Each structure stands twice: as C-alpha cells, then as structure tokens.
Protein chains: 2
Amino acid sequence: MSNPATIEDVARLADVSIATVSRAIHTPEKVAKTTRQRVNQAIAITGYTTNAMARSLRMGRSNMILVLAPDIADPNFSSILIGLENEARASGYGVLIGHTQNDAERGLEYLKFVSSGQAAGLVLFTGHQPFGHQALAERLPPSVAVFEPVFDSKIPYVGVDDKAGGRKAAEHLLSAGHRRIAFIGDSKTRLGQQRRRQGFDDAMNAARIAPENRLVLDGDGTIESGRLGVEQLFMRDTLPTAFMCVNDATALGVMNGLAARGYDIPREFSVIGFDDVPQATYVKPALTTIRQPRSAIGKQAMASLLTMLETPEQEPTEHLIIPDLIVRGSVSEPLSASLR
Amino acid sequence: MSNPATIEDVARLADVSIATVSRAIHTPEKVAKTTRQRVNQAIAITGYTTNAMARSLRMGRSNMILVLAPDIADPNFSSILIGLENEARASGYGVLIGHTQNDAERGLEYLKFVSSGQAAGLVLFTGHQPFGHQALAERLPPSVAVFEPVFDSKIPYVGVDDKAGGRKAAEHLLSAGHRRIAFIGDSKTRLGQQRRRQGFDDAMNAARIAPENRLVLDGDGTIESGRLGVEQLFMRDTLPTAFMCVNDATALGVMNGLAARGYDIPREFSVIGFDDVPQATYVKPALTTIRQPRSAIGKQAMASLLTMLETPEQEPTEHLIIPDLIVRGSVSEPLSASLR
DNA sequence: TTGTACGCGTTATCAC
DNA sequence: GTGATAACGCGTACAA
C-alpha cells in the first residue's frame, strides 16, 4: 500500500462511515468522544492527509494564492513576497509563485491553473494583465497588483505612493541647491514611472524651475537605460547638476556612466534613486534614494486580497503607502554653488 | 453565466455527449470531421478550458512540477530556475515555486500540495528533505536536488562538481605562489561545502602543503561568516596570504573585513570565491571565482526529473558538472614573493 | 462513430 | 450521533 491513504481507508479502519471521518475532522464537537478518538487513531495509523485537490474540486475554491512575477530576480520581489506570505499564512492560505518571464505562453499556463480553481486569488507583480485567452483573462479571480499598478485595468493596486516619492526625491535635490535636474526614466506605458515623473514635475513647478532646466529622458528602468541617459545628456549643450532616476537600477547605471567618464559623485554630480534595493548600500558612494516599504506593501496587499475573497461584494480600494527618503552619500550641493 | 464553461456546456452546445467532446480534444482522429468541427466551434464560443484540477484528480497525475526554495533571493536561484523552466516547458510541464523560508510549517504545506497530486515532481533547492509528517516525507514523488545535495538521502543530485571546483580554486591559488591558505566556510552538515573543502584538501595534499599551513574555519556561507572568519584569523599568530572561500557570499564578507582593516586586495591578500554570483563583478576588485553552470544545471536536473516521471523503474543517477575558473582581479602572487 | 456510466477523494445534505 | 448519497469536472471502459 504505497498509495496515500484516503478518507475511506480511515473510515474502514475506524469502522465508521466516511461522513463521520469528515465530521471528526471539521466539526469535532458534532461527533461522540469515543468515535472521535477511534477516528483520530485511524488517522494517525494511516498517516492520512486530506487530498487538497479533491477538496478544492468539491468546494470550488482552494486555499492557495498564486503570485505572478515576470522576474523572480527583481531585488524588490523577495521582500514583498515575504510580506505576502506571512499575511497569507496567518489566515490559513498558502502562496505559490509563477514565474512568467514576461512570456505570454507561460502566462496562459498559469491562467489555466487559476481558472481551474487551483488558486483562489492572484497577486500581480507584472504591471500588466496576464496574457492569454480573452475568455480566461475576463474571468480573473480576485486579484491585486503590487509594486507596479496594472496598466489600463481596475485591479486594485497596493504599493508605494510613487508621486509623493518622486516629489520627495526632487525636493531633496532642490533643497541641496540644485536648479538644473535631469529626470532619467520617463515612460509612456508604465504607470509607476509616470507617477514618479509627476512628483518630479510637481516639485519643480513648486520651486518655479523653468521647463528648460528640466531634462527629461525616456528609460525602461534598467541599468543600461541609466548609462544611456548619461551618454545622451553629454551630447547636449547643457548638463544637469543632478540626476533624479526613476529607480535604483537606473541610478546605478547613471553612476556607472559618470564614473566611466571620470566624474566624482557627489562632488561633480548628484544622483538620487528610487526603491532602495540592497545594491544601493554596496555601491560607492552609497546611493541616496526613496525606500520602498516592501514588506508593508506585501502585507497590505495580501490583506486586501483576503478581504476581497471573504467579502466579494465590497469595492476594492487602492492603497498607497508614503515612502521615506533615505539619505546616503550620492547627493551634495552643486559644484557651481560651492565655487561661489 | 459567469462561471467557467465545463465540458458539459460544450457538449450541450455541440449537441453531442461529453465523451465525444473529450475525444475531440485528446484523440481528434477518432471523431468524425463534422462533429469535430461542431465541437471546436462550441469550444470557441464557450471559451472552454479543461479544468486542470478535475483532470489531475481523475488521471492521478498533474503536469506541474514544484520547485522548493528556502530563499528566493539567493542569486544562484533565478538562473537555475530558468534552466528548469525551459526544459519543463519543452515537455509540456509547468513549474510552480514554493518559498519555504526554511520553515517547517511552510514545508509541510507544500508537501501536502504535492502529496495530493497537484504536482507530479519535486525539485529541491534546499539541501535537506522537506520537513513534515513522516508519512508524507516517505511518499515523496519523483524528486531531484539541485545546487546542493540533499543530506542523508537518496535523492539524485544534479549540480556542480564541488570537489573538482574546490580543487580548481585551490590550485589557482597555489599556482600563484601561495603556500599558506585559509579555507573559510567548513561545515559539518552541508554536503556541498564539505565537498569543496575536500577539493581544497586534495589540492593542498598534492602540493605537499603542511597541515599547519592550512587554516580551516567553519562558516555557514553568509557574508557575515566571511567577516567573522577574518576577525578570527587576525586573532591568531599566523595569517594566510590567501583566502579560499566556500562561496562568493563568504568571499564578499572576507573582502569586506579586509577592506575594513585597510588592507589592499589582491596586493596584500588574495581572495577566491565559488559560485560566480552577479555581485562578483561589481565589487572592487572583481572577484576571481569558480562559476556555477547554472542554467545547465537547471536544464539537466529537469531532464533527469522528467525521465524519472516517464520511466519510474530506471535508477536515478547523479549528474556532476565540472565548473570553470573565472579569473578576475582578486588573486595575485603573495606579498612575500614579490618582496624577494 | 458515438453515448452511458463509473470512479478519482472530498464535502454537504439528507435521512435515520 | 451517524450513515447513505449526491455532487464537483473530467477521462475512459464498455455498450450501442
């Protein structure tokens, strides 16, 4: 008998019906002490564990949450994940991760997984809807987006307040005395990046910085895009005194590009990032940045998802968390100021 | 009708029995052209997708592989994962990730997942058996271990040849002229670490280095353990001229500790790591190390697992891949040699 | 070529 | 307090 024991094996051994076994497990108070004991004994002997699949099939709902991530190596991912997991586990849910690699086929596969009821809810780390059959995509289970809002959808988003964070970053640069600032990493499709850009603009407007002193460059948030931004800027007439980067990866690229040209940070150029990835502390000088409250995001996102599961009628809400500025070594006053 | 369409909805619409629908999907050649077309049309209209859960329950086998990882942020993990995924997908399997955080409760949860047939196979990234019910642990599905062999078990291991790698690293140090070398990161429980240590010993023996010139320190493979190793060594009389670290994290810690004491690498001390994590290139000087052939490991591991699934009678085999030495900037000849 | 009916392991609704 | 039994959605002998 190498097959896992079923509820029937237990029933036979305890000499009761399978109904009684099920009751003994889920509503112990409704079964007589003595029978309950017999059942428990039988369970111990057979090593019975309820078959989660059959259970979910019958109940039409599982206790697993699927987290969809395009890139598992994203330094933001793991700590958000831990927040998600801890909160889920506290409510008796388990967490499974699907790695989509930004690939439609893989997305479809996971979509089938959830649509067949093997997951009760979905956490999207992707910034877009999972691809796949139209029919499947329309029947998404309760879902939340973390880290990046889902473009063009009504999926509730839990994450950092990008606009407020962007504003904080820009203000830090301004208060250090910078007046000509480059924003690296504008985007037409990524909502989070757009919002950070908005915060930047708000701060610049409030400080009455003329538009020609705002150098805005596109970028996709990669290290390369940061390097590229530096190159593009050096081909222009006017250089900024500070770089505000849409995220830390971009900032790392910018620092890299600047270092390659022999410039000293922060003496000659100031750089500020966004996210506070682990890398930010290792680089020299350590990167001043805006910190993502990652585990708080995970915790809140899962909490939202779970309430959606328990009370489906309730309208889901966005949850924006204001981030903190982390001052390290990559920002100082502009060179021109100290020359005066 | 917001519920997903079932096979019965399709059958009704195509005016056939569910058996015919099932056949039309799985053995199209066994159903008449005209009926097949009607069925396909009905499928298209309803947006039907077969319920993977019911299917697995009926067939007693799913097409998902579960990957168990204690720490999703391990820089070694993601590229091994991609190797696993590509290979799995080529054979029609999907990959799901369970993050155990080295926690027994979580391990048990995932164990239940597989034991209820929701995953056909298991990939262990943990270095130990998943914890849980004895009964469950004994009924593990076909499994392979990657990255780190599973201690005290017969689960086949696919990974780097740690001993050969350890030997290569030591030989590199020796051929640079070092004769007093510290090994940081010995372990009594972790097989991979032990094997690297063995390779180290082999090389030292072959070079006839006296045991008193081998400084072996315990360590758990974390950055902290590297720092700690440096501290411990500096409290002794004799210092090594080179550090062979059980992995890159340890090496980073060692470099960190050395830098904190104002030493120059590689002029005053040489350091070599093992793994070749992304970090290794960013640090200064860039770390000379042994490279894990990560995606090859993932590919081979999944291939092994899949053959175990298809032909269960076959004896599983270990698969050791010889790693390459990656020479960067953290090793040079010992200071004493250049002083001569 | 197609349809009927059973079973996979549960839970829940009835009766007793 | 307990036991039959009907679902959940699917695949597949077996019968037609």
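Here is the naming used below: chain letters follow the sequence lines, and residue numbers restart at 1 for every chain. Owing to the predicted nature of the structure, the values given are computational and were not obtained by experimental measurement.
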May I ask you to verify if any side-chain N or O of B/S17 is less than 4.0 angstrom from the OP1 or OP2 atom of C/dT2?
no
B/H319 and B/Y157, any side-chain heavy atoms less than 4.5 Å apart:
no
With a cut-off of less than 4.0 Å, is there a side-chain N or O of A/T35 near OP1 or OP2 of D/dT2?
yes
Separation of B/M53 atom CE from C/dC8 atom C1', in whole Å?
13 Å
For nucleotides 5-11 of chain D, read 5' to 3', which letter fits each nucleotide if B means a protein heavy atom sits under 4.0 Å from the base, S means only the sugar-phosphate is that close, and - means neither?
-BBBBBB
Residue pair A/Q300 / A/S304, side-chain donor-acceptor N/O under 3.5 Å:
yes
Within the 4.5 Å heavy-atom criterion, are B/N76 and B/Q292 side-chain neighbours or not?
yes
Mind calculating the distance between NZ (B/K30) and C1' (D/dA13) to the nearest angstrom?
11 Å
Value in whole Å for how far the P atom of D/dT2 lies from CD of A/Q37
12 Å
B/E8 CD: over 12 foreign heavy atoms closer than 6.0 Å:
no
Do A/R36 side-chain and D/dG1 base share a donor-acceptor contact under 3.5 Å?
no
Answer yes or no: is there a donor N or O on one side and an acceptor on the other, between the side chain of B/D9 and the main chain of B/T6, under 3.5 Å?
yes
In whole angstrom, give the distance that lies between atom CZ of A/R23 and atom C1' of C/dT13.
10 Å
What donor-acceptor contacts under 3.5 angstrom involve side-chain atoms of residues 28-36 of chain B, with partners at least two apart or in another chain?
from, atom 1, to, atom 2, distance (Å)
B/T35, OG1, B/A32, O, 2.8
B/R36, NE, B/P28, O, 3.3
B/R36, NH2, B/V31, O, 3.4

When we call it a touch if two heavy atoms are under 4.0 Å apart, what does A/S56 touch: a base, just sugar-phosphate, or nothing?
nothing
